[in-house]
Protein chains: 2
Amino acid sequence: MNIGQAAEQSGVSAKMIRYYEQIGLISAPHRTGSNYRVYGSDEVHVLRFIKRARTLGFSVEETGALLALWQDKSRASGEVKDIASDHIAALETKIAELQGMVKTLKHLVHCCQGDNRPDCPILDDLAGEPAHKGH
Amino acid sequence: MNIGQAAEQSGVSAKMIRYYEQIGLISAPHRTGSNYRVYGSDEVHVLRFIKRARTLGFSVEETGALLALWQDKSRASGEVKDIASDHIAALETKIAELQGMVKTLKHLVHCCQGDNRPDCPILDDLAGEPAHKGH
DNA sequence: TATAATCCTTCCCATCATGGGAAGGTCAAG
DNA sequence: CTTGACCTTCCCATGATGGGAAGGATTATA
């Protein structure tokens, strides 16, 4: 199968398949006499694994670690659990950060009249000016 | 004041100040005879505004729009409110997405023994295999 | 005053993951 | 045998930031 089919079956674009090969995440496939990459179901399976990991927010580097563990028959599941747990913690930190932003912005929007007057507490906040009215 | 002081007083690195100038977010400051950039308190005020907006997760482009509204005395606060509201919606979408990832990962981690046995439901999920045990 | 340390300047490169597109070779169907 | 769809490699762009080199300017110290 050519790279186009492999892309379609795995959900990973042909561009990205070549990129993953280039950075060593996947190994170089066989080539036809005319230099086309040839993939089989094993390779597509690997690509699907990568796609799923990326969808779950693992970085390419983390995905590589998970892939190595997946392909290592004698691996210990503890390592995988650690990677996943670390990733959960990182995601939760990010979520908390975004929630902090939302909270602040909602407060500002709530204070803002949103009419045609130039007075705007959102801009005042950005400019570092003290709030004039509590709520 | 030189760029170093302006950076210190605004919390924006000298590198980024030059970058913001380059992309037109801020205007080019005066230069000394020896080609040093010179900043005053007005410029620092602008940089603080930018810093605050970036901290709240606005993109540089959005920050530029807010900056223009801030500097436009006849602006309507409704425009600002719209930008902020859109940004809140985008943040909330992102948060929901991350929460979805966390939920899936927590489920997988919960199912994983985390011991030295090679059996690992997390990897099985990534590989697209059906789960064997409910919970 | 001479020299060293600290600043400033521009310029290039790297990140991370992805896409766009050009120039050119290959293959299959009509 | 032509046409269109595919493949190849190579370069460039994103967004926001940092690193670092090479060289000029200023400031502090010996």
Side-chain angles (χ1 to χ4, degrees), chain A residues 1-26 28-40 43-44 46-67 87 90-91 94 97-98 101, chain B residues 1-26 28-40 43-44 46-67 87 90-91 94 97-98 101:
Chain A
M1 143 179 34
N2 285 339
I3 200 170
Q5 269 98 46
E8 198 178 352
Q9 289 188 25
S10 66
V12 180
S13 73
K15 277 276 192 190
M16 291 313 298
I17 294 175
R18 293 193 195 97
Y19 172 71
Y20 291 152
E21 178 187 330
Q22 187 200 317
I23 64 172
L25 181 63
I26 58 181
H30 293 291
R31 300 280 187 135
T32 66
S34 55
N35 206 29
Y36 281 21
R37 289 172 179 82
V38 180
Y39 299 92
E43 282 93 344
V44 169
V46 167
L47 289 171
R48 284 222 194 92
F49 181 102
I50 292 170
K51 178 69 180 177
R52 175 85 175 126
R54 298 284 302 117
T55 299
L56 285 175
F58 288 99
S59 69
V60 168
E61 196 177 353
E62 288 170 324
T63 301
L66 292 170
L67 195 53
H87 187 50
L91 289 175
K94 185 74 185 166
E97 200 177 293
L98 294 178
M101 292 177 192
Chain B
M1 139 180 39
N2 285 339
I3 201 172
Q5 268 99 46
E8 198 178 353
Q9 290 188 23
S10 65
V12 179
S13 73
K15 278 274 193 193
M16 291 313 299
I17 295 175
R18 293 193 196 99
Y19 172 71
Y20 291 150
E21 178 186 330
Q22 188 200 317
I23 64 173
L25 181 63
I26 58 180
H30 293 289
R31 301 278 188 136
T32 65
S34 54
N35 206 29
Y36 282 21
R37 288 172 179 83
V38 181
Y39 298 92
E43 283 92 345
V44 170
V46 167
L47 289 171
R48 285 221 192 93
F49 181 102
I50 292 171
K51 177 70 180 176
R52 174 85 174 127
R54 299 284 302 117
T55 299
L56 286 175
F58 288 99
S59 69
V60 168
E61 197 177 352
E62 288 169 324
T63 300
L66 291 170
L67 195 52
H87 186 50
L91 290 175
K94 185 73 186 167
E97 200 180 318
L98 295 178
M101 293 177 191

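In what follows, chains are A, B, ... by sequence order, proteins preceding strands, each numbered from 1. Note that the coordinates shown come from a computational prediction; the quantities given were computed from them, not determined experimentally.
Residue A:Tyr36 is the one, among A:Tyr36 and B:Tyr20, whose nearest nucleotide of DNA chain D lies closer to the 5' end (criterion: closest heavy atom). For the pair A:Met16 and A:Thr32, nearest-nucleotide mapping onto DNA chain C gives the more 5' position to A:Met16. Nearest-nucleotide assignment on DNA chain D puts the 5′-proximal partner with A:Gln5, out of B:Ser59 and A:Gln5.
Atom CG of B:Leu25 and atom C1' of D:dA16 are 12 Å apart (whole Å). In this structure, the CD atom of B:Gln22 is 11 Å from the P atom of C:dC12, given to the nearest Å. Spacing between atom OH of A:Tyr19 and atom C1' of D:dA13 amounts to 15 Å, rounded to whole angstrom units. Taking atom CD of A:Glu8 as the reference point, atom C1' of D:dC7 lies 15 Å away to the nearest angstrom. Atoms CD (B:Glu21) and C1' (C:dT9) sit 12 Å apart, rounded to a whole Å. Protein atom CG of A:Asn2 is 8 Å distant from nucleotide atom C1' of D:dC6, rounded to whole Å.
Distance alone, capped at 3.5 Å, places no donor-acceptor pair between the B:His87 side chain and the B:Glu62 backbone.
Contacts of A:Ser13 with the nucleic acid, taken as non-hydrogen atoms under 4.0 Å apart, involve only primed sugar atoms and P, OP1 or OP2. Heavy atoms of A:Arg18 sit under 4.0 angstrom from at least one base atom.
Rounded to the nearest 0.5 Å, atoms OG (B:Ser13) and NZ (B:Lys51) are 8.0 Å apart.
The phosphate of C:dT9 (OP1 or OP2) has a side-chain N or O of B:Arg37 nearer than 4.0 angstrom. An OP1 or OP2 oxygen of C:dC16 is reached within less than 4.0 angstrom by no side-chain nitrogen or oxygen of A:Arg54.
For A:Lys15, whose side chain is taken as the heavy atoms from C-beta onward, the closest listed nucleotide among C:dT26, D:dT26, D:dC10 is D:dC10.
In this structure, B:Met101 and B:Glu97 have side chains that are in contact, with non-hydrogen atoms separated by less than 4.5 Å. Side-chain contact between B:Lys94 and A:Lys94 is absent, with no heavy-atom pair separated by less than 4.5 Å.
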